[in-house]
Undergrad: 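The structure follows.
What you see is a predicted model, and the numbers here were worked out from it, not measured in a lab.
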Amino acid sequence: MVRTATRFITTLALAALAWPAAAQDYPTKAITLVVPFAAGGPTDAVARMIAQSMSTTLKQPVLVDNSGGAGGTIGATKAARANPDGYTLFLHHIGHATAPTLYRTLPYDAIKDFEPIGLVADVPMTIVSKPGWAPKDMKELIAYVKSNKDKVTYGNAGIGSASHLCGMLLMSAIQTDVTTVPYKGTAPAMNDLLGGQIDFMCDQTTNTTGQIKGGKIKAYAVTTAKRVPSLPNVPTAQEGGLPGFDLAVWHGLYAPKGTPKPVIDKVVAALQVAVKDPQIKARLEDLGSEPVSVAEATPDALRKKLASQIDLWAPIIKKAGVYAD
Ligand code: ASP
């Protein structure tokens with residue numbers, strides 16, 4: 001008995017000694033970056049830009065794992081349960097702060113099961129429709145949706161996604177409910193929008209800018225209070241008749257809870273290189289977005305943002321009365 005206890009304590013002591021060494025050498029193999037939405041979509045776009053830069057800095061491949069579904073909660077569950085050794089990281093957006101209120105039960109705790117690494121980028125959204133949809137502008141869209149609510153369809157990436165949140169705000173502002181069609185991400189939703197299988201959606205500029213500029217879909221509004229410089233002709237939702245409408249999608253990088261501090265420090269440093277990268281800045285700017293400042297690409301900034309956003313959205317979601325099991 002005593003011998004077993006001694007052996008156990010020795011094992012623990014050795015593990016404690018082993019951590020700093022492993023953490024010191026980190027990374028010695030490829031890192032997986034879990035993205036909780038489909039490949040080719042807006043969250044994936046931000047993740048891949050960051051992953052490429054971080055691969056260069058950390059001198060190991062950072063491979064994106066698209067685990068989409070259930071508004072981002074499937075990917076979040078996977079990341080929360082991953083080994084906290086630095087070889088699994090997780091990039092999510094505003095949905096990490098809305099899911100705790102939207103879902104009656106979640107298999108993870110959005111705060112306690114993750115180590116924050118830093119904020120990444122803010123991305124505006126756009127209200128867009130299939131080509132040739134009848135409404136000409138935002139005012140007409142509101143009237144059309146109200147009078148055709150039984151046949152209109154709205155695509156989103158599931159409850160907890162940014163596209164769901166935007167739709168929820170829009171529907172509650174105009175006090176109308178329409179049929180929603182959930183996808184594993186807005187990349188497949190965009191395909192159906194282009195093909196006319198769904199009528200409209202609200203999605204990040206990182207996914208819609210090219211299609212809007214190419215005249216492939218109709219743009220009615222940007223969701224931010226100010227117009228987006230890369231889409232100067234698209235009015236804001238406020239200009240279109242939705243007072244107070246203001247939504248931008250913030251992104252955060254996390255690791256599973258328990259990831260050693262020396263590892264987190266290295267990932268933070270790599271993230272800070274990425275947000276300063278002029279190529280990433282230029283690419284995001286073209287897509288109506290911008291990376292955060294270095295001061296925001298820190299665990300503290302993300303920790304505060306997440307906590308304050310959970311508090312901000314909880315009463316709004318509760319008022320809208322939207323829940324999932
Ligand atoms: N745009 C999606 C969302 O609504 C996510 C994605 O496909 O990246 O959250």
Side-chain angles (χ1 to χ4, degrees), residues 14-68 72 74-93 96 108 113-121 185 187 206 250-284 289 291-303 306:
L14 284 174
L17 282 176
W19 260 126
Q24 223 56 54
D25 294 348
Y26 173 86
T28 55
K29 59 179 184 180
I31 298 162
T32 298
L33 176 58
V34 176
V35 172
F37 296 105
T43 315
D44 183 67
V46 171
R48 282 176 200 269
M49 283 181 223
I50 296 298
Q52 202 184 356
S53 167
M54 287 181 37
S55 297
T56 310
T57 309
L58 295 170
K59 299 188 176 64
Q60 288 292 342
V62 178
L63 308 171
V64 172
D65 166 8
N66 297 98
S67 293
I74 289 176
T77 305
K78 187 173 189 178
R81 290 182 181 158
N83 204 358
D85 57 3
Y87 292 97
T88 302
L89 302 174
F90 176 51
L91 190 134
H92 198 355
H93 59 35
H96 202 49
Y108 61 88
D113 289 342
F114 298 89
E115 302 283 353
I117 291 167
L119 287 158
V120 179
T206 31
W250 56 271
H251 295 73
L253 184 66
Y254 307 81
K257 189 75 190 174
T259 303
K261 170 92 170 47
V263 169
I264 297 286
D265 290 347
K266 285 187 184 176
V267 182
V268 171
L271 173 64
Q272 293 183 343
V273 172
V275 299
K276 279 190 296 196
D277 183 328
Q279 272 179 328
I280 293 183
K281 274 192 175 172
R283 180 84 190 105
L284 281 174
S289 167
V292 298
S293 66
V294 169
E296 291 171 293
T298 57
D300 217 35
L302 177 54
R303 190 177 295 113
L306 178 62

Undergrad: Check step by step if side chain to side chain donor-acceptor pair (under 3.5 Å) holds for Thr298 and Asp300.
TA: CA-CA 5 Å; Thr298 57; Asp300 217 35; over 6 Å; no

Undergrad: Can you give me the closest heavy-atom contact between Gln272 and Ala297, atom names plus distance?
TA: NE2-O, 3.0 Å

Undergrad: On a heavy-atom basis, which atom in Ile117 and which in Val267 lie closest, and how many Å separate them?
TA: CD1-CG1, 3.7 Å

Undergrad: For Asp277 and Lys281, what are the C-alpha separation, side-chain angles and deciding distance, and is it a salt bridge (charged side-chain N to carboxylate O under 4.0 Å, His left out)?
TA: CA-CA 6 Å; Asp277 183 328; Lys281 274 192 175 172; over 6 Å; no

Undergrad: Test Asn83 against Thr88 for side-chain contact (heavy atoms from CB on, under 4.5 Å), laying out the working first.
TA: CA-CA 7 Å; Asn83 204 358; Thr88 302; 5.7 Å; no

Undergrad: Just so I know, are the side chains of Arg283 and Met49 near enough to count as touching, which here means a heavy-atom distance under 4.5 Å?
TA: yes

Undergrad: Could you measure the distance from the CD1 atom of Ile264 to the NZ atom of Lys266? Nearest 0.5 Å is fine.
TA: 12.5 Å

Undergrad: Which atom pair, heavy atoms only, marks the closest approach of Pro27 to Leu58?
TA: CG-O, 3.5 Å

Undergrad: Apply the test side-chain contact (heavy atoms from CB on, under 4.5 Å) to residues Leu271 and Val120: give CA-CA distance (whole Å), side-chain angles for both, the deciding distance (0.1 Å), then the verdict.
TA: CA-CA 8 Å; Leu271 173 64; Val120 179; 4.1 Å; yes

Undergrad: Taking C-beta and beyond as the side chain, do Phe90 and Pro36 meet within less than 4.5 Å on heavy atoms?
TA: yes

Undergrad: Of all heavy-atom pairs between Gly41 and Ala187, which one has the smallest distance, and what is that distance?
TA: N-CB, 3.5 Å

Undergrad: Within the distance-only criterion (no hydrogens, no angle test), does the side chain of Tyr26 pair as donor or acceptor with the backbone N or O of Gly86 below 3.5 angstrom?
TA: yes

Undergrad: Can you tell if the side chain of His251 reaches within under 4.5 Å of the side chain of Leu119, non-hydrogen atoms only?
TA: no

Undergrad: In this structure, are over 12 heavy atoms from other groups packed under 6.0 Å from Gln60 atom CD?
TA: yes

Undergrad: How far apart are the closest heavy atoms of Val294 and Lys276, and which atoms are they?
TA: CG2-CG, 3.4 Å

Undergrad: List the atom of Ile280, the atom of Ala274, and the distance in Å for their closest heavy-atom pair.
TA: CD1-O, 3.5 Å

Undergrad: Report, one line per pair, each donor and acceptor closer than 3.5 Å where one atom sits in a side chain of residues 254-263; sequence neighbours left out.
TA:
| unit_1 | atom_1 | unit_2 | atom_2 | d |
| --- | --- | --- | --- | --- |
| Thr259 | OG1 | Pro256 | O | 2.6 |
| Lys261 | NZ | Asp265 | OD1 | 3.0 |
| Lys261 | NZ | Asp265 | OD2 | 3.1 |

Undergrad: Using side-chain heavy atoms (C-beta onward) and a distance below 4.5 Å, is Asp44 in contact with Arg48?
TA: yes

Undergrad: Do Asp65 and Val35 pass the side-chain contact (heavy atoms from CB on, under 4.5 Å) test, and can you show the C-alpha distance, the side-chain angles, and the key distance before you say yes or no?
TA: CA-CA 6 Å; Asp65 166 8; Val35 172; over 6 Å; no

Undergrad: Test: salt bridge (Lys or Arg N to Asp or Glu O under 4.0 Å). Region: residues 26-38. Which pairs qualify, not counting sequence neighbours?
TA: none

Undergrad: Step by step, work out the side chain to side chain donor-acceptor pair (under 3.5 Å) result for Ser293 and Glu296.
TA: CA-CA 5 Å; Ser293 66; Glu296 291 171 293; 3.2 Å; yes

Undergrad: May I ask you to decide if Thr28's main-chain N or O and Tyr87's side chain share a donor-acceptor pair within less than 3.5 Å?
TA: yes

Undergrad: Is the backbone N or O of Trp250 less than 3.5 Å from a side-chain atom of His93, with the two atoms forming a donor-acceptor pair by type?
TA: no

Undergrad: At what distance, to the nearest 0.5 angstrom, does NE2 of His92 lie from CZ of Phe114?
TA: 8.5 Å

Undergrad: Compare all side-chain heavy atoms of Ile50 with those of Val62 and state whether any distance is below 4.5 angstrom.
TA: no

Undergrad: Among Val273, Leu253, Leu33, Ile31, which one satisfies side chain to side chain contact (heavy atoms under 4.5 Å, CB included) with Met54?
TA: Leu253

Undergrad: Could you tell me whether Asp113 and Arg81 have a side-chain N and a carboxylate O separated by less than 4.0 Å?
TA: no

